[in-house]
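Since the structure comes first, as structure tokens, the remarks are kept for the end.
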Amino acid sequence: MKIRKLIVQVDETRIEMGKSIEPPTRKALAMAVIANPYAGRYSENLDELIAIGEELGGLLGDKCVQALGIPPGQAHSYGKAAIVGEAGELEHAAAILHPKLGAPLRKAVGKGAALVPSAKKRGGLGTAIDVPLGHKDAAFVRSHFDAMEARVSDAPRADEIVVAVVVTDSGRPLPRIGGLQVNEIKGEDGLR
Amino acid sequence: MIEIRRILTQVEDIHHEFGPSAAQPLRRGAIAAVLRNPFAGRYEADILPMMDALQPLGLQLAQQLHAAMDVPAERIEGYGKGAIVGAAGELEHGALWHVPGGYAMRELLGFKDEGKGGQPGNALAIVPSTKKVGPPGATLDVPLTHINASYVRSHFDAIEVRVPGAPAADELVVILAMSCGPRVHARVGGLKASEISKWDGLR
């Protein structure tokens, strides 16, 4: 895997709508800009990207947890996304995100019974993607439905892919629309 | 007077830009704090009290950025600062950041009389800056130059900073940025960092 850039961001909200958030909600985003080995051609087999996805699941997941400065078990929600440069196809993003990225990411966040929500698109330099977020152990936890915007000003070039992973240690700043609560999680089926 | 709503930190490692991979990737970082603009929606003649009030925030952000970059202070070679003012404010409100933002990074990186190769101090150069009035999610290209000599050509750089969703009309985004070296494939000549000799902040 050829990484051109690695970027880590932490977004911390201390006040929302004039109300203090204590402790602040925090979302960490790690992005890698990588060369797309299949740029410019159709390849039936996408194994190289599947292997890259596996490597990035661990690398980016660890970067996020490290940036939050928490033990893995204290991670709350996660999400993943990819932006494929214009010489690549949407299926390239799928090859990175879906077959093997999940297991090492789950290891990085301690557990992870729930599906890792995802988004993908094709784009150019500076294209933004909203990485969807859901609770790592129970997808129906309503307070943790959220998103974080990911964007690299000089990527992806045509033959690159931007791969993004987000890990949080919290839900939305002022959740109050009911639904399943964190303290009601069973954490067995990944849903509730 | 200073009410922080949100802080976004960003650290990046640039391995290459289609040239040879750097032995040590270029690390750059930026920190952006979203604050309430106490002067939003009106003309206030005397805004200077806020400049003093911003000093502790400047120091806190400089330290927080330095910690996120996870390098010794001696490795910081470039710096810059900036501000984005929400739509109900004026550019002059962003200008309040010039002194506290610059002071903070010089406080963090500065030292005197170390005697290294005749270097009489550190963080001698002006901290380059930019600012604008903008909508939520506006991007700001924060200029970076060498901390000891503004004319070091390899260190002329910029880092794009953007806080999705901010600034709201009545907010300010204040930004500090630092880098650990020259552009990853710097090769357009000019004054080199190793050639700094006047120690006047310029050359």
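We name chains A, B, ... by the order of the sequence lines, and we start the count at 1 in each one.
- B:Ile126 CD1: 12 or fewer foreign heavy atoms inside a 6.0 Å radius.
- Contact annotation for B:Ser21: neither backbone nor side-chain heavy atoms come within less than 4.5 Å of a heavy atom of chain A.
- The stretch residues 4-27 of chain A places A:Arg4, A:Lys5, A:Leu6, A:Ile7, A:Val8, A:Gln9, A:Val10, A:Asp11, A:Glu12, A:Thr13, A:Arg14, A:Ile15, A:Glu16 near chain B, each with some heavy atom under 4.5 Å from a heavy atom of that chain.
- In this structure, B:Lys198 places its NZ atom where only 12 or fewer heavy-atom neighbours from other residues, nucleotides or ligands lie under 6.0 Å away.
- Residue A:Lys120 places its NZ atom among more than 12 non-hydrogen atoms of other residues, nucleotides or ligands, all under 6.0 Å distant.
- For A:Glu89, the CD atom sits in a packed shell: over 12 heavy atoms of surrounding residues, nucleotides or ligands are nearer than 6.0 Å.
- Within the structure, salt bridge (charged side-chain N to carboxylate O under 4.0 Å, His left out) contacts touching residues 45-54 of chain A (residues at least two apart or in different chains) do not occur.
- For the set B:Ile7, B:Thr139, B:Ile4, the entry with the most heavy-atom pairs within less than 4.5 Å of chain A is B:Ile7.
- The 12-atom threshold is not exceeded at NZ of A:Lys2, counting heavy atoms of other residues, nucleotides or ligands nearer than 6.0 Å.
- A 6.0 Å sphere centred on CZ of B:Arg187 holds no more than 12 heavy atoms belonging to other residues, nucleotides or ligands.
- Interface residues of residues 151-160 of chain A toward chain B, defined by a heavy-atom distance below 4.5 Å and sorted by number: A:Arg151, A:Ser153, A:Arg157, A:Glu160.
- For chain A, the option among B:His15, B:Arg5, B:Glu12 with the highest count of heavy-atom pairs below 4.5 Å is B:Arg5.
- Residues of residues 169-192 of chain A lying under 4.5 angstrom from chain B, judged on non-hydrogen atoms, do not exist here.
- The contact between B:Arg162 and chain A is made entirely by side chain atoms (from C-beta outward), counting heavy-atom distances below 4.5 Å.
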